[in-house]
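Okay, structure first, notes after.
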Amino acid sequence: MKRACCIILAALLLFAAGCSAPAPTPSSSVPGYYGQGQTMTGGANLREAALSAVAVERQQEEVVLTMTFRQGEGESARVPAYEVESITAPARIAVRVQADLAADAQTDLESAGEFLGLFARSTEEGTDLYFQFLGQIAYKISEEEGALVLRVRADDAQSIDQYHVKVPYNEANLAVTAESGLQPALCADGEHVYDLSAGFATIEEADALCRTLNDALEAAGSDETAEVIYLNSGAAPAYTEPVSRSELTMMGALKTDSGVVDGTLVATDARFLCWDPEGGMVMARPQVETTGDGTTSTYEEIWLYQLDGTRAPLLDTAFSSVQKAAYSPDTRYIALLEQSSGARLLYLYDRRDGGLLFLSAEGFGDYTSDFAWGQDGVLYAMSGSDTMQLMAYDPAMAEMGQEPLHAVEEREGGYGNVGEAGGIVYFNDEYGNVYAVDTATGTRELFEIADGFLLSPDGSRMLQIVYEDGENGSLATMYLCDLASGTRMQIAAQAALSDYAWSEDSRVLFYLVSNRDAEDAADYPVRLMRYSTVDGRTTDLGALASNSIFPGRTQDSILLMYYQDRDGLFYPITYQLSLTDLTDHAQDELVPTLE
């Protein structure tokens, strides 16, 4: 009984002194240093304590961080109760102390070595300090007279890439973000702050949390939105202007005589390239990468999006800027055209084995103006280096081990668009000529005089555009040519044309004309026109807020895109617009995603 009482008394004394359980064994690659995910506790339960100063110093391979405390009158210089937690992605050491932050305490620290900066905030329990570093780190902790000292150095722990959910740091959102376990993290600029989630291995897991957070933020009356980013555990997130809920729900509007149709949000970070045969959308997603010295670079990845908001990477390759993508008739291959500085490079992606063939290096040259798949499964492209030539690549020949690349004709081509229908390849040159080349014989004929053309998806018709100068810029006359009969008819004249797209079923041609003379031109710069190939009627559908359209799956829908300026970086925001649905989509579920 006496022994039991002694044990209890010893435990009470330890508790009163603020001591914790025995320290865990250091697990970093640096002997004697604690690593990621390890938590330490200590200090004493003081009646009054204030954090009076924070200092940072580089000492050889270590960054030394010293937190100095003031005690209440009559108390000796001790360290108040604290908890130290090592957090990854990005590397942070969170120090939570039972001490108020003194009004004269300096927390704006200069970077030193791996140390990026400090974010401090007052809490009901005291003060939370987040010391942030570049790369993986290991730490030691010691208590000195009235001071807590952290010694931090680089750790060889392997960095990993994961998905995270971020919300711009805002005191009003703390209740929502704290409930989901988000913690503050400095951006690469060392100034802006995000509340950041732990890492997820898959985007599906991150999306689920993102949806939950957006619902909670909306219920709390916040205009902030959560977003998903892809982050290396050794790097800080790049800062971009936040995406506001009110701005997202105001976009995508078609103003009609009977009301306003709002677009359904598809993506806040991707632009449309083509439809997937199974109903998804092949999208180009801009990525922002910030190096340790603060330099920002951008590139694009190709992802497959579904209209229900789910998405996944399509291939593991970074591109400068993908201008066009198209599936082969058998859907096995996807051709991709990349704009990179002054070059336009052609690729062929094999969906069966995941291989990516760089056709520009196979003989197409460093400039491809356009390409088109033939119904025979051959890829036709106007390509070259010094001069342009109509080339063909047959994947079936490559499968059989035979030469897949050949010139369709031994003549110089032109810088223009390309299309194929019925064994005939059409191409434009820079002089306003449309030529037709028979793929079997290589015979070329002048087909029409036009500055541009676009074949319907079924290959039955060709939209032809002839430009002329007008008082307010170039004006377009639009013709529709039936390829079977050769009949050509005018469908619009003197139009200030800005964009156009066929519906996937080839029954409707959508195009945009200027709305500049209208009172609402600032918000609705263009009018959406629809020409029906069934009855030959042109319908003015209303004023549109977007200058960029893409084909929908049916003649009753289109895709719209905007570029949103977010601190000098432009992100594409894509919507689907139903032309028969006047439902207000302001309450649609938001899953904004950035990487």
Side-chain angles (χ1 to χ4, degrees), residues 36-37 87-90 92 160-170 172-185 187 193-233 235 237-238 240 242-249 263-270 276 278-288 301-316 566 571-576 585-595:
Q36 297 294 330
I87 310 170
T88 188
R92 288 157 287 168
I160 58 175
D161 294 323
Q162 289 184 307
Y163 295 96
H164 297 260
V165 181
K166 69 173 187 178
V167 178
Y169 182 82
N170 188 321
N173 297 334
L174 281 180
V176 172
T177 56
E179 186 176 347
S180 296
L182 274 65
Q183 298 193 73
C187 296
V193 180
Y194 285 125
D195 268 330
L196 203 64
S197 76
F200 295 96
T202 68
I203 196 169
E204 289 81 7
E205 295 173 287
D207 277 346
L209 176 58
C210 190
R211 279 189 282 268
T212 299
L213 277 168
N214 274 317
D215 288 343
L217 288 167
E218 185 176 14
S222 173
D223 197 41
E224 309 279 9
T225 57
E227 306 166 47
V228 176
I229 60 173
Y230 198 50
L231 185 66
N232 184 277
S233 58
T240 57
V243 179
S244 70
R245 186 179 310 277
S246 56
E247 187 173 4
L248 287 174
T249 55
T264 303
L265 185 65
V266 173
T268 63
D269 58 352
D276 178 77
E278 296 178 359
M281 296 167 286
V282 177
M283 308 280 274
R285 298 188 62 194
Q287 311 291 336
V288 180
E301 292 180 344
I302 307 303
W303 282 55
L304 187 63
Y305 275 62
Q306 305 296 332
L307 287 174
D308 63 4
T310 59
R311 57 271 168 89
L314 187 59
L315 63 159
D316 185 20
R566 301 182 61 190
Y571 287 88
I573 302 179
T574 302
Y575 296 82
Q576 180 178 234
H585 293 289
Q587 302 303 316
D588 280 358
E589 186 175 72
L590 300 176
V591 188
T593 306
L594 297 173
E595 289 192 13

(request) Return the minimal non-hydrogen interatomic distance between Ala267 and Tyr305, and the atom names on each side. (result) CB-CE2, 3.5 Å
(request) Determine the interplanar angle of the Tyr230 and Tyr163 rings, folded into 0 to 90°, and report it as parallel if under 30°, tilted if 30 to 60°, perpendicular if over 60°. (result) tilted
(message) Is it true that, when you exclude Glu179 itself, more than 12 heavy atoms of the residues, nucleotides or ligands shown sit nearer than 6.0 Å to its CD?
(response) no
(request) List for me each residue that meets side chain to side chain contact (heavy atoms under 4.5 Å, CB included) alongside Thr212, sequence neighbours excluded, and say none if there are none. (result) none
(request) Verify the ring-centre separation between Tyr169 and Tyr194: is it less than 6.0 angstrom? (result) no
(message) Ignoring hydrogens, what is the shortest heavy-atom contact between Gln162 and Gly199? Give both atom names and the distance.
(response) OE1-CA, 3.4 Å
(message) Is the shortest side-chain heavy-atom distance between Val167 and Val176 below 4.5 Å?
(response) no
(request) Check whether any side-chain heavy atom of Asn170 lies under 4.5 Å from a side-chain heavy atom of Asp195, and answer yes or no. (result) no
(request) Can you see which heavy atom on Glu301 is nearest to which on Gln287, and at what distance? (result) OE1-NE2, 3.4 Å
(request) Could you tell me the separation between the CG atom of Leu304 and the OG1 atom of Thr310, rounded to the nearest 0.5 Å? (result) 8.5 Å
(message) I'd like to check the side chain to side chain donor-acceptor pair (under 3.5 Å) partners of Thr88; sequence neighbours left out, ordered by chain and number.
(response) none
(message) Nearest 0.5 Å, please: how far is CD in Glu227 from OG1 in Thr240?
(response) 5.5 Å
(request) Considering non-hydrogen atoms only, spot the tightest contact between Leu217 and Ala226 and give its length. (result) CD1-N, 4.0 Å
(message) Within the structure provided, determine whether Asp161 and Asn232 are in side-chain contact (heavy-atom separation under 4.5 Å).
(response) yes
